[in-house]
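A quick write-up on the structure given underneath.
Remember, predicted model here, so these are calculated numbers, not experimental data. Only this structure's heavy atoms are used, side chains among them; waters, hydrogens and symmetry mates stay out.
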Amino acid sequence: MTRTDPDSCPGVLRLHEAADGPLARIRVPGGLLSPNQLQALAGAAADLSDGNIELTSRGNIQFRQVRDAAALTERLTAAGLLPSATHERVRNIIASPLSGRVGGWTDVHPLVAALDAGLCARPRLAELPGRVLFTLDDGRGDVSGLGGDIGVHALDEHTYALLLAGKDSGVRLPADSAVELMLAAADGFLDLRDGQWRLHEVPDGIARLTDQLRTDHPGIEISAELLELPVHQDIPIGWMTQSDDRVTLGAGVRLGSLPARTAEFLAAVERPAFVTPWRSLVITDLDEWAAEQVVRVLAPMGLIFDAASPWLEVSACAGMPGCAKSLTDVRADVAEAVDSGRVLPTGAPGFARDGLDAADVVVTGRQHWSGCDRRCGRPKGAVTDVIATVDGYRIVPANRG
């Protein structure tokens, strides 16, 4: 669907009036948080919002029930989380979280910093809609399938494919040209759009933008062999050995809501952490002893280090009371389903029919619970939808969703 109404995507300087109060969205390019930034977020969540740090499907952060927007702005600016007042809503950049540490062709994290700086340095790019998404994939295929508008996908240590509207454009470019061409593509999208929020909504947007880039950059290479991009579904969870023999820990977060107190303990680990587009965390550069202590302390606090946990099978929209359109408290229903053992692993026997009471829903595999038919926050890929109706829940199996 093409949408041309005004873009009201929230940020820090423009809050969204949710049903439960003002909501702020904080962009975190590449998902990277330093220990000091994580501590600042924990303090702001406890002092100025509902006490939780919400992780989004773009590796960003949300605060609900914000009580003092000015104080929040001041704290985030001091922590380096609001470097540009004009461009704060357009800094939507996701990158392979494990890049440079575990697997992948190359480390894309330096490109994150360069792309973010380039975005903020170009006044015109402040006009980008707040929903435009940039992706940087190190070749493992974890983020290229997430529907970005402009992205690069590593083909080897030195070469990237340019992705437009989540598809391979055929353009091939060396690593040192990747950021410049992504910025040029963002400029080109602004030339082409007529009120649309996303590149895929522009008629023939991929072809037109590719032609424009070829005209403006006549030396770029075009490949006739296009990539088939997978929708990555494996969340990095648990113990992973880095290329330097240190340890990365992948930690699931129940429904993407991280309590401020837990975030304070994470900050005390004093290691870089990444928010992933799967609403989880990656804690990096640990020695083995420190990694063991993190699991010992934070698993009882609710972080998930077990890849078999049923909590990793479920996601949910905000539901009541956060959304006025929701028909029920979806998150409470999900929690009850998980705690009672009614969220089953893929391949287990379950059932699906319409009009189910929350206490009767039994679903297998990946599933997204929604308070209405809008299915907000639904992840990409094969996901069973559990949708609230006035009569109970309706289940749409993955092959029909």
Side-chain angles (χ1 to χ4, degrees), residues 2-16 24-30 32 56 58-60 73 76-77 80-95 108 110-136 143 146-152 160-167 169 171 173-220:
T2 298
R3 297 166 292 193
T4 58
D5 49 316
D7 176 21
S8 58
C9 199
V12 176
L13 304 179
R14 186 172 76 188
L15 306 187
H16 167 65
R25 185 171 299 155
I26 304 154
R27 271 63 179 186
V28 186
L32 175 61
T56 79
R58 292 181 164 201
N60 291 322
T73 298
L76 295 178
T77 301
L81 290 165
L82 191 61
S84 171
T86 53
H87 292 67
E88 61 122 351
R89 296 188 311 122
V90 307
R91 301 169 63 238
N92 297 302
I93 304 170
I94 59 175
V108 297
L111 298 184
V112 174
L115 179 59
D116 187 30
L119 280 171
C120 293
R122 299 193 180 196
R124 187 185 184 221
L125 295 186
E127 301 172 18
L128 287 169
R131 288 168 174 78
V132 167
L133 177 63
F134 297 87
T135 61
L136 298 161
V143 302
L146 297 180
D149 296 274
I150 300 165
V152 290
Y160 287 96
L162 178 70
L163 310 184
L164 298 175
K167 299 181 184 299
S169 69
V171 173
L173 59 154
D176 59 6
S177 300
V179 167
E180 187 58 35
L181 205 63
M182 292 178 79
L183 294 171
D187 259 320
F189 169 62
L190 289 178
D191 292 336
L192 296 176
R193 73 185 289 255
D194 184 20
Q196 294 91 351
W197 296 344
R198 306 294 304 277
L199 177 56
H200 74 266
E201 297 170 349
V202 176
D204 298 319
I206 297 175
R208 292 166 63 193
L209 183 51
T210 301
D211 287 344
Q212 181 173 327
L213 291 172
R214 293 177 69 178
T215 298
D216 295 342
H217 304 267
I220 62 176

(request) For P10, check side-chain contact (heavy atoms from CB on, under 4.5 Å) against everything at least two apart and list the hits. (result) H16, L23, R25
(message) Within this structure, what is the CZ-CG distance for the pair R208 and D191, rounded to the nearest 0.5 Å?
(response) 10.0 Å
(request) Any chance you could measure L82, atom CG, to R27, atom CZ, to the nearest 0.5 Å? (result) 10.5 Å
(message) As an exercise, state the distance from CZ of R214 to OG of S169, rounded to the nearest 0.5 Å.
(response) 10.0 Å
(message) What's the separation between atom OG1 in T73 and atom CG in L13, rounded to the nearest 0.5 Å?
(response) 5.0 Å
(message) Using 0.5 Å steps for rounding, measure from the CZ atom of F189 to the CG atom of L164.
(response) 11.0 Å
(message) Can you list everything that forms a side-chain contact (heavy atoms from CB on, under 4.5 Å) with L133? Sequence neighbours excluded, please.
(response) R58, N92, I94, T135, D149, R198
(request) Output all residues satisfying side chain to side chain donor-acceptor pair (under 3.5 Å) with E88, sequence neighbours left out; order by chain, then residue number. (result) none
Please table the atom pairs, donor to acceptor, closer than 3.5 Å between any side-chain atom in residues 174-187 and protein atoms at least two apart or in another chain.
residue: E180; atom: OE1; partner: R122; partner atom: NH2; Å: 3.3
residue: E180; atom: OE2; partner: R122; partner atom: NH2; Å: 2.7
residue: D187; atom: OD1; partner: R124; partner atom: NH1; Å: 3.1
residue: D187; atom: OD2; partner: R122; partner atom: NH1; Å: 3.3

(request) Please step through side chain to side chain contact (heavy atoms under 4.5 Å, CB included) for the pair L162 and L213, ending with a clear verdict. (result) CA-CA 11 Å; L162 178 70; L213 291 172; 3.6 Å; yes
(message) If the condition is salt bridge (charged side-chain N to carboxylate O under 4.0 Å, His left out), which residues does R91 pass it with, not counting sequence neighbours?
(response) D116
(request) Tell me, please, which residues at least two apart from T77 pass side chain to side chain donor-acceptor pair (under 3.5 Å). (result) none
(message) Can you give me the closest heavy-atom contact between R193 and W197, atom names plus distance?
(response) NH2-CD1, 4.3 Å
(message) I'd like to know whether L190 forms a side chain to side chain contact (heavy atoms under 4.5 Å, CB included) with L128, so could you lay out the CA-CA distance, the side-chain angles of the two residues, the decisive distance to 0.1 Å, and finally the verdict.
(response) CA-CA 7 Å; L190 289 178; L128 287 169; 3.8 Å; yes
(request) Find the distance between CD1 (I93) and CG (L111) and round it off to the nearest 0.5 Å. (result) 10.0 Å
(request) Please confirm whether the backbone N or O of L119 pairs with a side-chain atom of H87, one donor and one acceptor, at under 3.5 Å? (result) yes
(message) For the backbone of L125 and the side chain of E127, can you confirm whether one donor and one acceptor N or O come within less than 3.5 Å of each other?
(response) no
(message) If you compare all heavy atoms of A24 against all heavy atoms of L15, which two are closest, and at what distance to 0.1 Å?
(response) CB-CD2, 3.5 Å
